[in-house]
Trainee: 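Please read through the structure below; I'll follow up with questions.
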Amino acid sequence: MNEISPMKGLILVMTLTVLSGCVTPPRTGPPPTPAAALLNGFPPTARLNAADPKISRAVAEFMERASASADSSFDILSLSGGGARGAFGAGFLVGLTRAGKRPQFEIVSGVSAGALIAPFAFLGSEWDPQMTAAFTGAQSRKLMSPRGLAALFSPGLFSARPLRERVDQFVTIELVNAVARESRRGRFLLVQTTDLDAQAAVLWNMGEIARSGGEAARELFRDVLLASAAVPGVFPPVMFNVETNGQRFQEMHVDGGVASPFVLTPLIAALLRDESDPQIFPGNLFLILNGPLAAELEATPRNTVPIVSRSYETGQMYLARESLVIVKEFARRRHLKFQLIFIPPEMNTTGSLDMAQEDLASLFNGAVQSVATGDIWVNVDELIGNIEFTPSVDMEHTMPLENKGNNTQGDMQ
């Protein structure tokens with residue numbers, strides 16, 4: 001078989017690139033008023049656009065209803081993105097269960113990988129086996145399936161099919177019905193995606209979707225989770241058919257972490273802009289950050305996937321730092337005790353796109369064990385006031401630095 005010369009190879013790639021633009025199907029839209037776009041068969045309250053000026057009132061109503069449904073304590077859980085590092089948040093919740101320290105959360109919100117954890121966190125400890133299987137099962141290694149030349153003709157370096165099949169396996173009618181039951185009690189499960197056309201965060205009321213019932217509800221529930229986890233350039237976006245004033249459009253949604261690292265940030269910003277007296281909901285605000293807060297020095301390989309992964313992780317880390325200040329102020333004004341956990345340096349060995357089963361299992365089990373050590377939640381006031389975000393050092397990839405021992409984050413953990 002004759003080999004293709006470098007010049008012919010270059011011409012082939014250029015030709016395929018040009019052709020990819022020719023075969024990409026045209027799109028209609030976006031809707032002129034995205035906040036008013038409706039999903040066929042679902043109520044308008046199934047989702048909220050963060051750019052909608054009415055969102056602060058809607059979120060206040062969420063909190064009021066959820067507070068009324070609380071047991072002995074009003075507890076909110078927010079789960080951040082992090083790709084494969086979502087195994088940390090899943091393991092941490094299982095660890096809380098085993099230690100007898102896991103509350104019932106009245107509101108659970110998730111972004112990206114956190115969105116995939118959120119339904120299990122919302123439904124409680126009895127769903128721990130399903131959550132464990134979802135994040136440590138043998139099928140995890142198959143999630144990153146390169147698309148080869150097909151990536152030139154449609155978006156995403158990796159096929160969406162393995163992730164879709166995996167999420168479809170766990171988003172069962174039983175799970176959706178269970179979410180619907182808890183939603184009727186006044187509890188809320190919220191998932192964030194990013195509407196690229198409108199450049200806005202979209203908050204999906206998963207309980208409202210679940211209460212619609214049937215296979216259509218299950219499929220929309222699944223697709224919202226997939227959209228929230230669709231890292232741009234890595235996985236293809238998810239398209240949603242909507243209608244505005246009798247006209248039909250498609251919206252393109254990607255990873256919710258593009259807009260903010262956790263659901264609370266744009267919502268809290270809207271609430272803080274409200275000049276009326278804030279409603280007080282004494283309780284707890286728990287934030288599980290599926291990533292580190294301090295940088296690590298590491299030589300990034302000159303390959304597309306490591307560069308995309310490292311860039312995504314860096315952006316999420318900086319967004320998380322900035323968002324913590326906003327969330328802290330929200331918690332203070334609402335008399336919520338803010339409690340935070342994030343991946344400490346000694347456990348930060350898994351990249352956001354590293355889906356190797358053994359690495360996921362190691363991070364998951366490490367998080368489970370960390371709960372047994374005692375004082376697990378970080379004091380956010382001390383963290384923001386004292387932490388110096390100095391880089392920790394990967395000794396395998398860099399020369400040692402004299403001040404490595406000065407990493408405040410490691411001391412706090």
Side-chain angles (χ1 to χ4, degrees), residues 37-48 62 77 79 81 86 89-90 93 105 107-135 137 139-140 142-143 159-195 202-230 235-243 248-256 263:
L38 300 176
L39 294 149
N40 186 30
F42 295 90
T45 50
R47 64 180 195 164
L48 294 167
F62 284 170
L77 172 65
L79 296 150
L93 286 168
F105 303 107
I107 299 177
V108 175
S109 65
V111 173
S112 194
L116 302 181
I117 303 170
F120 303 115
F122 180 73
L123 293 177
S125 301
E126 59 268 28
W127 288 79
D128 281 0
Q130 291 90 329
M131 181 167 61
T132 301
F135 281 88
Q139 290 181 329
S140 60
K142 302 176 183 178
L143 294 181
S159 171
R161 183 174 179 178
L163 181 59
R164 174 177 287 271
E165 291 177 347
R166 188 73 182 279
V167 175
D168 194 67
Q169 177 184 355
F170 291 101
V171 178
T172 61
I173 286 291
E174 291 75 18
L175 181 142
V176 174
N177 289 342
V179 169
R181 285 194 299 271
E182 293 303 312
S183 175
R184 293 188 185 99
R185 294 177 51 203
R187 299 174 64 217
F188 286 88
L189 172 61
L190 309 173
V191 167
Q192 179 175 294
T193 64
T194 301
D195 180 350
V202 175
L203 186 68
W204 299 78
N205 185 341
M206 305 301 279
E208 189 81 36
I209 293 172
R211 290 201 304 273
S212 297
E215 180 61 16
R218 190 195 74 84
E219 291 180 357
L220 179 58
F221 196 106
R222 175 203 62 200
D223 289 347
V224 171
L225 297 184
L226 287 169
S228 187
F235 293 111
V238 175
M239 311 301 293
F240 292 98
N241 296 319
V242 299
E243 186 174 310
R248 296 179 180 179
F249 302 93
Q250 274 197 331
E251 294 176 347
M252 179 182 287
H253 287 243
V254 297
D255 189 341
V263 168

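Just the heavy atoms: all of them, side chains too, but no hydrogens, waters or symmetry mates, feed the values below.
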Trainee: Dump the intermediate steps for side chain to side chain contact (heavy atoms under 4.5 Å, CB included) on Leu93 and Phe105, then the final yes or no.
Mentor: CA-CA 12 Å; Leu93 286 168; Phe105 303 107; 4.2 Å; yes
Trainee: Mind checking the CG-CD spacing from Asn40 to Glu243? Nearest 0.5 Å is all I need.
Mentor: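 Taking CG in Asn40 and CD in Glu243, the distance rounds to 7.0 Å.
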Trainee: Quick one: are Arg218 and Val171 in side-chain contact, heavy atoms under 4.5 Å?
Mentor: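 Yes, close enough: below the 4.5 Å cut-off.
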Trainee: Is any side-chain heavy atom of Phe235 closer than 4.5 Å to a side-chain heavy atom of Asp255?
Mentor: no
Trainee: Could you tell me whether the side chain of Ser228 and the main chain of Ser112 form a donor-acceptor pair under 3.5 Å?
Mentor: yes
Trainee: Side chains of residues 116-129: which donor-acceptor pairs under 3.5 Å do they make with residues two or more places apart or in other chains?
Mentor:
unit_1, atom_1, unit_2, atom_2, d
Ser125, OG, Thr97, OG1, 3.0
Asp128, OD1, Arg102, NH1, 2.8
Asp128, OD2, Thr97, OG1, 2.9

Trainee: Is the shortest heavy-atom distance from the side chain of Arg47 to the side chain of Leu39 under 4.5 Å?
Mentor: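 Result yes, sub-4.5 Å side-chain heavy-atom pair found.
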Trainee: Ignoring hydrogens, what is the shortest heavy-atom contact between Ala217 and Ala210? Give both atom names and the distance.
Mentor: CB-O, 4.4 Å
Trainee: Of Leu190, Val108, Leu225, which is the lone residue that meets side chain to side chain contact (heavy atoms under 4.5 Å, CB included) with Met206?
Mentor: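 The passing option is Leu225.
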Trainee: So does Arg222 pair up with Glu165, basic N to acidic O under 4.0 Å?
Mentor: no
Trainee: Quick one: do Leu175 and Phe221 satisfy side chain to side chain contact (heavy atoms under 4.5 Å, CB included)? Show the steps, please.
Mentor: CA-CA 10 Å; Leu175 181 142; Phe221 196 106; 3.9 Å; yes
Trainee: Measuring only between side-chain heavy atoms, which start at C-beta, is Asn205 closer than 4.5 Å to Phe42?
Mentor: no
Trainee: Considering only heavy atoms from C-beta outward, does the side chain of Phe240 approach that of Val224 to under 4.5 Å?
Mentor: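 Yes - at least one pair of side-chain heavy atoms lies under 4.5 Å apart.
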Trainee: How long is the straight-line distance from CD of Gln130 back to CD of Gln169, given to the nearest 0.5 Å?
Mentor: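 Rounded to the nearest 0.5 Å, the CD-CD separation comes to 11.0 Å.
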Trainee: Quick check for you: to the nearest 0.5 Å, what is the distance between Ser109 atom OG and Gln192 atom CD?
Mentor: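 Answer rounded to 0.5 Å: 8.5 Å.
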Trainee: Out of the candidates Thr194, Val254, Thr193, only one should pair with Pro237 under the side chain to side chain contact (heavy atoms under 4.5 Å, CB included) rule; please name it.
Mentor: Val254
Trainee: Is the closest side-chain heavy-atom distance between Leu38 and Pro44 below 4.5 Å?
Mentor: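 Result yes, sub-4.5 Å side-chain heavy-atom pair found.
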Trainee: How far apart are the closest heavy atoms of Phe135 and Ala90, and which atoms are they?
Mentor: CD1-CB, 3.8 Å
Trainee: Might you point out which heavy atoms bring Ile209 and Ala46 nearest each other, and give the distance in Å?
Mentor: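 So the two residues come closest at CG1-CB, 4.1 Å.
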Trainee: Given the rule in the side chain to side chain contact (heavy atoms under 4.5 Å, CB included) test, do Ile173 and Glu215 qualify, once you have shown the distances and angles that lead to the verdict?
Mentor: CA-CA 8 Å; Ile173 286 291; Glu215 180 61 16; 4.2 Å; yes
Trainee: One pair to check against side chain to side chain contact (heavy atoms under 4.5 Å, CB included): His253 and Glu251. What are the steps and the verdict?
Mentor: CA-CA 6 Å; His253 287 243; Glu251 294 176 347; 2.9 Å; yes
